[in-house]
There are 2 protein chains.
Amino acid sequence: MTRPYHHGDLRAALLAAAEEIVNRNSVAGLTLRGVAREVGASHAAPKNHFDDLTGLVSELAAVGFNRFADAMQSASARHEDPQDKLNAIGRAYVEFALAEPGLFQLMFRGERLDKTRPALHEAMLRAFGTLTGSVAATHEGDPDAARATRAHAARAWSMVHGFAILLLDDRLNPLLDAGSPRADALALLDDMLAMG
Amino acid sequence: MTRPYHHGDLRAALLAAAEEIVNRNSVAGLTLRGVAREVGASHAAPKNHFDDLTGLVSELAAVGFNRFADAMQSASARHEDPQDKLNAIGRAYVEFALAEPGLFQLMFRGERLDKTRPALHEAMLRAFGTLTGSVAATHEGDPDAARATRAHAARAWSMVHGFAILLLDDRLNPLLDAGSPRADALALLDDMLAMG
DNA sequence: AGCATTAAATTGACAGCGTCAACATTGACG
DNA sequence: CGTCAATGTTGACGCTGTCAATTTAATGCT
């Protein structure tokens, strides 16, 4: 089995290797040469498929945002009431961050993200659109709802995002049960969502 | 306190240069060799004062967290009512992030932070203690307040932190006035805080 | 078919980075 | 005055991203 000069689908292999590395070593350990090494390609091979490190990170972030949007939409679809849908999206938001912490942090590392890349731009619109759209659905029929809807969306989004970030960074520990902080976190989130 | 011989106080000069670089080039442009170059020292000079890059970043983060705590305490002191104090702290949280975005992002970049460093550990306790303490003050006299207080603290903290992070990352733009997003952001925050 | 063009992958080089070890200089203290 | 620890410098190593030049494979054209 001699290795052919041209890999069958190097682009997909590089993306898979990149995700595996991020899951193992966190985002700091993600390197162009590292992913190339992982798939047995030369150190400059990624240049052909992604222009540079920003390109690779951005394309992987696009994959992540699409999976993220899927998770939120699927959670929302399990409920009928608009408020239940919104709460389910909030839980899915945090659960995604806990399930794929490396990928989640990569998706929100602004400095190495080129948001003008079509794949990433579209995936971000999809993910954030489901969240803000679900908020808007709870304001149906409100008169002059624009301002309240905007504040509601910003509040819900900020809350779950901040919670996820602080959680991944081990900063909420003083508020969590020392015994099982991870399990306790989702119970705490439910309390937060129940406050309205 | 022994004083260095050639540069006067190289440690302070390095910290100042580091902050200046972070303010100019964001956290990605902060390098050990860069700060050494800035103050005219050799490339390995920082090793004597901070062990490695993590050390420099952590000490700078400690400076930031102390300034952060000062800002929140000073904002809180301008009000009497516990709820007003808490809202003022929330505004100060976001205003600090907007005023020193590079430093703020450095303070929350977990991977290059050694939270066991005494200076950083203490500064973080101070900053987060003012916030959670101010939340607890709004629950004085409540029966069975422990659980509600915990959820309230997590919610308030997550909300302002998520808002600050999303704002710095230009992710709230779809919710902001395209004309003056910066000024609009604080108005939006007030609406969020007013929701309770 | 055969040739030309393009895409894909490799090799080699360069500068910048963090970090370590070895060495030099200084100020403090006995 | 002499020793010593602290502070700075120099040089080296391997790692990284990125570029230019080159080789190889696939594809298209006539």
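Chain identifiers are assigned alphabetically (A, B, ...) following the order of the sequence lines, protein sequences preceding nucleic acid strands; residue numbering begins at 1 within each chain. Note that the structure is a prediction, hence the values are computed from the model and not measured.
- Nearest to the side-chain atoms of A/Ala44 among the listed nucleotides C/dC20, C/dA8, D/dC19 stands D/dC19.
- Side-chain contact between B/Leu120 and B/Glu59 is absent, with no heavy atoms from C-beta onward closer than 4.5 Å.
- The listed nucleotides are D/dT7, C/dC20, C/dA9; the one nearest the side chain of A/Leu10 is C/dA9.
- No hydrogens or angles considered: a donor-acceptor pair under 3.5 Å links the side chains of A/Arg78 and A/Ser74.
- Between the side chain of B/Arg11 and the base of D/dT7, no donor-acceptor pair under 3.5 Å is found.
- Of all nucleotides listed (D/dT9, C/dC17, C/dT19), D/dT9 comes nearest to the side chain of B/Ala45.
- Going from atom CG of B/Asn48 over to atom C1' of D/dA5 covers 12 Å, rounded to whole Å.
- For the pair B/Arg37 CZ and C/dG16 P, the computed distance is 7 Å after rounding to whole Å.
- Within the 4.0 angstrom heavy-atom criterion, only backbone atoms of the sugar-phosphate kind lie near A/His49; the bases stay farther away.
- Within the structure, a side-chain polar atom (N or O) of A/Thr31 is placed less than 4.0 Å from OP1 or OP2 of D/dG17.
- The listed nucleotides are C/dT19, D/dT18, C/dT11; the one nearest the side chain of B/Arg112 is C/dT19.
- The listed nucleotides are D/dT10, D/dT18, C/dA8; the one nearest the side chain of A/Leu53 is D/dT18.
- Between A/Leu32 and B/Ala41, the one whose closest nucleotide on DNA chain D sits nearer the 5' end is B/Ala41.
- If you check every strand for non-hydrogen atoms under 4.0 Å, B/Asp52 touches sugar and phosphate atoms only.
- Applying the side chain to side chain contact (heavy atoms under 4.5 Å, CB included) test between B/Phe104 and each of B/Ile165, B/Val94, B/Leu98 identifies B/Ile165 as the sole match.
- Taking atom CZ of residue B/Phe50 and atom P of nucleotide D/dT7, one finds them 12 Å apart after rounding to whole Å.
- With C/dC20, D/dG17, D/dG8 as the candidates, the nucleotide lying closest to the side chain of A/Arg33 is D/dG17.
- Residue B/Lys47 places its side chain closer to C/dC20 than to any other of D/dT9, C/dC20, C/dG18.
- If you check the side chains of B/Ser58 and B/Arg117, you find no donor sitting under 3.5 Å from an acceptor.
- Side-chain proximity of B/Ser42 to D/dT10, C/dC17, C/dT11: nearest is D/dT10.
- A donor-acceptor contact under 3.5 Å is not formed by the side chain of B/His43 with the base of C/dG16.
- Spacing between atom CG of A/Asp51 and atom P of D/dA20 amounts to 13 Å, rounded to whole angstrom units.
- Counting only distance, with no hydrogens or angles, the side chain of B/Asp81 and the backbone of B/Gln83 share a donor-acceptor pair below 3.5 Å.
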